[in-house]
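Just so we're on the same page: letters track the sequence lines, and every chain starts at 1.
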Amino acid sequence: MTELKKEEEKSLNFLEEIVEEDLKSGKYSSVLTRFPPEPNGYLHIGHAKSICLNFGLANKYGGKTNLRFDDTNPVTEETAFVESIKADIQWLGFQWANEFYASDYFEQLYEYAVTLIKKGLAYVDDSTSEEIAAQKGAPTEPGKRNQYADRSIGENLHLFAEMRAGKYKDGEKVLRAKLDMTSPNMHLRDPVMYRIRHAHHHRTGDQWRIFPMYDFAHGQSDSIEKITHSICTVEYIPHRPLYDWFIKELGIYPSHQYEFARLNLTYNVMSKRKLKQLVEDKHVTGWEDPRMITVSGLRRRGYTPEAIRDFCERVGVVKRESLIEMSLLEFCIREHLNKVALRRMVVFDPLKVVITNYPEGQTEMLNSEDNPEDPDTSQRQVPFSRELYVEQEDFMENPPKKFFRLAPGQMVRLKSAYIIKCDEVVKDDKGHVTELRCSYIPESRSGADTSGLKVQGTLHWVSVATAIGCEVRLYDRLFRVEDPSNEDGDFKDYINPASLVVVNHAFAEPALKTAQFEERYQFLRKGYFCLDRDTSEDKLIFNRTVTLKDGWARKV
RNA sequence: UGCCCGAUAGUAUAAUGGUAGUACGACAGAUUUUGGUUCUGUUUGUCUUGGUUCGAAUCCAGGUCGGGCAACCA
């Protein structure tokens with residue numbers, strides 16, 4: 001009941017409003033959307049937003065979504081990208097109704113072009129691309145039509161057939177729509193419909209020598225599939241009149257295009273071109289580097305599909321451009337991981353603690369909850385003994401006020417174990433603290449504390465004898481400025497030099513010996529982590545997905 | 001200075017002519033065997049100038065600012 005009410009109160013975004021209106025008015029009886037990636041790269045979080053939007057909209061109104069690869073440019077597209085894109089969509093939790101390719105429609109598109117030629121609405125142009133660009137004019141200046149626009153329908157038909165047959169070289173001829181060279185909208189100044197490319201296509205092989213441009217493929221593909229709502233980003237707004245014009249002149253199913261603003265994230269770049277540069281210039285290890293905001297990078301970093309979907313839901317859908325704060329994405333992943341991550345203890349920078357009043361050679365197994373957020377949580381056993389490691393940063397010889405950790409004479413609780421008191425600080429000749437000698441309070445054992453003592457701080461720790469050495473990769477934001485694309489000079493100058501810090505020898509509690517790839521962990525007081533695929537038989541490697549919120553660090 | 005799109009707290013988003021609300025962030029407090037979580041509170045907003053109206057964030061006009069458009073890319 002409350003759930004239902006909540007649903008009713010939640011306002012619709014502008015696309016949902018359009019869909020509801022169209023359904024209500026009977027313009028459409030059902031919804032069919034599509035996600036149309038070009039298989040020339042990896043999907044990033046901006047694509048994830050589009051995926052959530054297209055699949056989410058159809059899902060909400062009982063419709064379906066097609067996956068359609070926009071593969072009209074053979075020189076940039078590859079089957080390998082098709083596979084990674086499909087894997088990413090499924091990982092995000094969506095399933096398409098049909099898997100289509102724009103290249104499936106090449107024959108039909110060719111027929112459409114012939115139709116337009118016959119209507120006197122398309123012509124073959126022999127100009128070079130430079131000449132065409134020059135004749136197009138400028139936004140403030142009308143373009144001029146050249147003599148090729150006067151070719152007869154018969155000649156155009158003949159030449160276009162020859163283009164298809166492979167009689168001409170790349171760039172020798174194009175097919176253009178005959179629209180309006182004086183239009184204030186540059187896209188309407190006799191746009192190119194077909195160009196010649198003697199290149200191998202990932203699906204049609206060497207069957208075609210001419211390939212349709214985006215504008216002559218996308219709308220018609222939507223129409224062929226009877227897509228009702230074709231959703232794209234705002235940079236396609238000026239293309240919409242063309243989209244509608246082709247559909248109208250061809251007299252085919254009237255799909256409609258709607259636009260929303262693309263996603264931008266602080267401390268990131270979002271264009272495929274820039275992401276590619278990061279990979280090629282080796283600022284990252286590849287498209288799947290955990291610092292990349294690609295879907296595969298986020299996955300390797302430890303982000304969950306649930307968190308990404310939640311994020312895409314929260315950022316909203318509008319037409320105005322925006323720059324979303326990274327903190328929102330971090331909030332989403334923390335919120336999910338807090339509920340599902342197994343709690344474990346790992347010391348990154350060890351400081352040895354000897355419990356002087358604890359018997360030598362003795363080990364006791366202490367219970368600790370796997371997840372305190374879960375009322376039915378399972379427990380694991382953590383070994384406690386005389387020699388332990390705690391974090392270097394959890395000790396200060398001359399602590400400031402409100403430092404609730406170890407300091408000479410100060411007491412702390414060791415998580416799930418005992419309260420200890422720091423009695424003595426051992427240093428080397430250079431004055432560096434090498435060891436703490438502490439005493440424990442036997443009556444203060446977790447779950448059976450009769451000591452009556454109250455301490456402010458609780459530390460994570462591991463037992464020296466049973467600690468597992470492991471590597472921990474600490475990832476941080478890739479850029480040191482909020483909007484690297486908007487800074488002076490090259491965006492790459494603003495890369496965060498500390499975006500990856502490797503801890504080579506961390507010490508983990510023994511329960512992590514059986515760490516699983518699909519499992520998520522919270523290293524107590526450190527953050528959320530997952531196993532990296534570089535893990536081998538003899539070395540565990542963990543990636544930090546995100547830190548814990550740290551109220552203390554902010555104050556100091 | 002052509003055409004198109006847009007402008008609500010720091011950020012994002014709602015209010016569809018009638019009380020400017022929500023989330024994230026920040027700050028403060030409570031709880032806590034994670035300085036986490038949870039809970040409570042505080043903070044800050046309708047780009048501007050006119051007009052229409054009993055009443056304008058909302059409608060109209062001018063301005064300002066931001067973004068997009070001149071690939072045989074998508």
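Among the protein residues, S327(A) comes within range of the sugar-phosphate backbone only, with heavy atoms under 4.0 Å from sugar or phosphate atoms but none that close to a base. Among the atoms of the strands shown, base atoms are found under 4.0 Å from some heavy atom of G447(A). Using a 4.0 Å heavy-atom cutoff across all strands shown, K526(A) reaches no nucleic acid atom at all. Nucleic acid contact class of V318(A) (heavy atoms, under 4.0 Å, all strands): sugar-phosphate only. Counting any heavy atom pair closer than 4.0 Å across all strands shown, S271(A) reaches no nucleic acid atom. Within 4.0 Å (heavy atoms only), Y194(A) reaches no atom of the nucleic acid at all.
Side-chain N/O atoms of R320(A) include one lying less than 4.0 angstrom from OP1 or OP2 on rU13(B).
Donor-acceptor pairing under 3.5 Å, judged by distance alone, is present between the side chain of E325(A) and the base of rG10(B). Not a single donor-acceptor contact under 3.5 angstrom links the side-chain atoms of R334(A) to the base of rU37(B). You won't find any donor-acceptor pair under 3.5 Å spanning the side chain of H187(A) and the base of rA71(B), going by distance alone. The base of rG36(B) lies close enough to the side chain of E373(A) for a donor and an acceptor atom to sit less than 3.5 Å apart. Contact of R413(A) with rU33(B) (side chain to base): a donor-acceptor pair of N or O atoms is detected under 3.5 Å.
Each of E369(A) and K319(A) was assigned the nucleotide of RNA chain B with the nearest heavy atom; the assignment lying further toward the 5' end belongs to K319(A). Between I196(A) and G316(A), it is G316(A) whose nearest contact on RNA chain B lies nearer the 5' terminus.
The residue from F348(A), F523(A), F529(A) that alone fulfils the ring pair (Phe, Tyr, Trp, His ring centres under 6.0 Å) condition with F542(A) is F523(A).
Cation-pi contact between R477(A) and Y267(A): present, with separation from the ring centre below 6.0 Å and deviation from the ring axis of at most 45°.
By the 30° and 60° cut-offs, the orientation of the rings of H201(A) relative to F211(A) is parallel.
A donor-acceptor pair shorter than 3.5 Å can be found between the side chains of N66(A) and E225(A).
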